A.B. asks: 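Encoded as structure tokens, here's the structure I'll be asking about.
Every value quoted in this text rests on a predicted model; they were computed, and no experiment measured them.
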Amino acid sequence: MTRAAEPGARLAREFGRAMQALHLRMEGGAGSAASVGRWAELAWREADAGHVCVDVPDEAGRAALVASPVVGTVGEPRPLALDRGALYLHRLWRAEATLAREVRALDASAPLPCDGGIAAAVGAVFDRADPADPQQRAVACALERRLTVLSGGPGTGKTTTLARLLVAFARAAPQARIAYAAPTGKAAARLAQSLAAQLAGLDPSGELRARLPGSGQTVHRLLGRGAGDSGAARLEHDLVIVDEASMLDIELAARLFASAGPATRLVLAGDRDQLASVEAGAVFADLCAAPLGGVVVLERNYRQQDAPDIGALAARIRAPVAAGVAAGVEAGPLDWPASIALAPPSAPAIVEEALDAWREALAAIGSGAAASQVLAAYDRHRVLVAMREGPHGADALNAAIASRVRRLAPGRNAGDWYAGRFAMVTKNEPGLGLFNGDVGVCLPHPERGARDGDLVVAFDGAQGVRLFPILQMPACQDAWAMTVHKAQGSEFESVALVPAAAGHALNTRELVYTGVTRARRRLSVWGSREAIEEAASRPTRRHGRLAERLAEPQSDPAGRR
């Protein structure tokens, strides 16, 4: 067990003991107290691992839980809930049941009045009308229905599709209230930037853009403190676009759907094959697989035509190997593209590769180049790892790279800060406009040089480069190497991927696929072919009943014991 897992394990044990004690205080049977405590501990452990519930397959276990005063029937406010043969922490049961109910309510037809009809409105934002085109179907769906779920890998045109939707929607509803959001501040800012770039070509006059949001926001900020399934606050927007929706956990998704106003249309965009949320649930994947009227999947990759081997490897990881395994057929060996380097993990070699990739950026710092030039040079390459700890984890690689860069840095250091430091914000600071996941570069002050205390940190943004004195900076960590989880939603020209070893719990299809698809043009893998092949055959399984609830006929009750 890793050090990171120990606090969660202790909390799970304490929760189990607390439920056992509460069971006895509430006059539950003494003979079943220990069993209730064990199941409660397991429910907490599973929630900590990303599962919404834990299956209770044996009749004796279910009988003990049914009889316990700490376990509620459907809807009862008890610490635990038993439903559909599974045990939940009550908050997760409530979130799942709420989300299923609200998704089904939002999965409804609501055609937007358009001059000439919806087909004409869609055709007007594309070069050539083609009802069979998935991008056009997605735009039509968002104009016709209250809920649209749009899935596609990097380069399949999600942002282009969303931009065309915005133009069509703004033309049909000039007074519409529109919002962009994402689970993280970084993803929200990137969505707004990407949409602005696309809209510049679709709306040259700027007339439509003037009516659209100038920035994105986190889903939490969109909902506000009072929003939730209690109905205390409702979204007043006509259209809400949420990007990187694979990062939505079950509780946040329940709040989002429950807060939708009577006129709100919700568009969720993401990649169903990417890593699921850090917290419990695999909401986006479940929605993509559900029998909903507004699910559209984009398959064609437009961006990686210059690097087809990366797309081919991603497709092989995502589908064929897994399909063979699922069908009980022995998967053949993975055809490794010659253009993608594959080597055993070696920290010194990974560091050297990274320094070679960033040599232009380091030289630019020494020559006093503009901050925008340095940021662009740094942002071309990233080391992505499966784990934080270990000799090939983010912590060790960050320390090794930082040690080398410090020796090359011009001027004096100021504690943790030095010219050339690549840093990631780890705490949201809305007042500064900095959010968890934002990445910046420490540089000598453009006017005063690199004297101690004259260092600034440069961040790119929609309005250009922003500079912050180091004394103003929120909590940060080195960003030379980052986990694949942290890199979700980002893309880089070049990626060095360090997967977990074969047999490790983190060696999953979603993690490796997400890491591979962060690369636009160049990819090197510091691992074994065995590990990649194993990952392709190991999809992440998250226990929950959302898919089951959404597949039931509408007339069925909300839940059953």
A.B. asks: Less than 4.5 Å apart, side chain to side chain, heavy atoms only: is that true for V484 and Q488?
C.D. replies: no
A.B. asks: Nearest 0.5 Å, please: how far is CG in D243 from OG in S194?
C.D. replies: 8.0 Å
A.B. asks: Decide yes or no on salt bridge (Lys or Arg N to Asp or Glu O under 4.0 Å) for D286 and R545, but give the supporting numbers first.
C.D. replies: CA-CA 9 Å; D286 285 344; R545 298 290 191 267; over 6 Å; no
A.B. asks: Using only atom types and a distance under 3.5 Å, with no angle test, would you say the side chain of R255 pairs donor to acceptor with the backbone of V219?
C.D. replies: no
A.B. asks: Start with the C-alpha gap between E299 and R272, add the side-chain angles, then the distance that decides, and say whether salt bridge (Lys or Arg N to Asp or Glu O under 4.0 Å) holds.
C.D. replies: CA-CA 12 Å; E299 298 282 0; R272 63 183 178 180; 3.6 Å; yes
A.B. asks: Are E491 and R518 within salt-bridge range, i.e. N to O under 4.0 Å?
C.D. replies: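 Salt bridge absent between E491 and R518.
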A.B. asks: Testing the 3.5 Å rule here: is there a donor-acceptor pair between the side chains of Q198 and T159?
C.D. replies: no
A.B. asks: Hey, is E41 close enough to R45 for a salt bridge, meaning N to O under 4.0 Å?
C.D. replies: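 R45 and E41: salt-bridged.
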A.B. asks: Do D249 and V283 have side chains that approach each other closer than 4.5 Å (heavy atoms only, starting at C-beta)?
C.D. replies: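 Contact flag for D249/V283 side chains = no.
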A.B. asks: Are the side chain of R177 and the backbone of E236 linked by a donor-acceptor contact shorter than 3.5 Å?
C.D. replies: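 Judged by distance alone, yes, a pair lies under 3.5 Å.
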A.B. asks: Is the closest side-chain heavy-atom distance between Y513 and D271 below 4.5 Å?
C.D. replies: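 Yes, close enough: below the 4.5 Å cut-off.
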A.B. asks: Are T184 and E244 side-chain neighbours, meaning at least one heavy-atom pair lies under 4.5 Å?
C.D. replies: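 No, side chains not in contact.
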A.B. asks: Tell me whether R234 contacts the main-chain N or O of A258 through its side chain, where contact means a donor paired with an acceptor under 3.5 Å.
C.D. replies: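 Between the backbone of A258 and the side chain of R234 there is a qualifying donor-acceptor contact (under 3.5 Å).
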A.B. asks: What pairs with S109 under side-chain hydrogen bond (donor to acceptor under 3.5 Å, both in side chains), at least two apart in sequence or on another chain?
C.D. replies: none
A.B. asks: Give a yes or no answer on whether the side chain of N428 reaches the backbone of F435 with a donor-acceptor pair at less than 3.5 Å.
C.D. replies: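 A pair under 3.5 Å: no.
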A.B. asks: Could you check if a side-chain atom of L147 sits within less than 4.5 angstrom of a side-chain atom of V103, using non-hydrogen atoms only?
C.D. replies: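 Result yes, sub-4.5 Å side-chain heavy-atom pair found.
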A.B. asks: Treating R380 as the side-chain partner and S494 as the backbone partner, does any N or O pair qualify as donor plus acceptor under 3.5 Å?
C.D. replies: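 No; zero donor-acceptor contacts below 3.5 Å.
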A.B. asks: Keeping R211 on the side-chain end and A170 on the backbone end, is there a donor-acceptor pair under 3.5 Å?
C.D. replies: yes
A.B. asks: When you compare the side chain of T156 with that of K158, does any pair of heavy atoms fall below 4.5 Å?
C.D. replies: yes
A.B. asks: Going by the rule side-chain hydrogen bond (donor to acceptor under 3.5 Å, both in side chains), which residues pair with R209 if we only count those two or more places apart in sequence or in a different chain?
C.D. replies: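 Scan of R209 (side-chain hydrogen bond (donor to acceptor under 3.5 Å, both in side chains), adjacent residues dropped) gives none.
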A.B. asks: Would you say the side-chain atoms of E96 and Y88 include a donor-acceptor pair closer than 3.5 Å?
C.D. replies: yes
A.B. asks: Considering non-hydrogen atoms only, spot the tightest contact between P183 and M247 and give its length.
C.D. replies: CG-CB, 3.7 Å
A.B. asks: Given side chains that start at C-beta, do those of D107 and R145 come closer than 4.5 Å, heavy atoms only?
C.D. replies: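 Yes, their side chains come closer than 4.5 Å.
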A.B. asks: Could E552 and R84 be called an ion pair, given the rule that one side-chain N must be under 4.0 Å from one carboxylate O?
C.D. replies: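 Looking at E552 and R84, the cut-off is met.
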A.B. asks: Indicate yes or no: at least one non-hydrogen side-chain atom of Q135 is less than 4.5 angstrom from one of R137.
C.D. replies: no
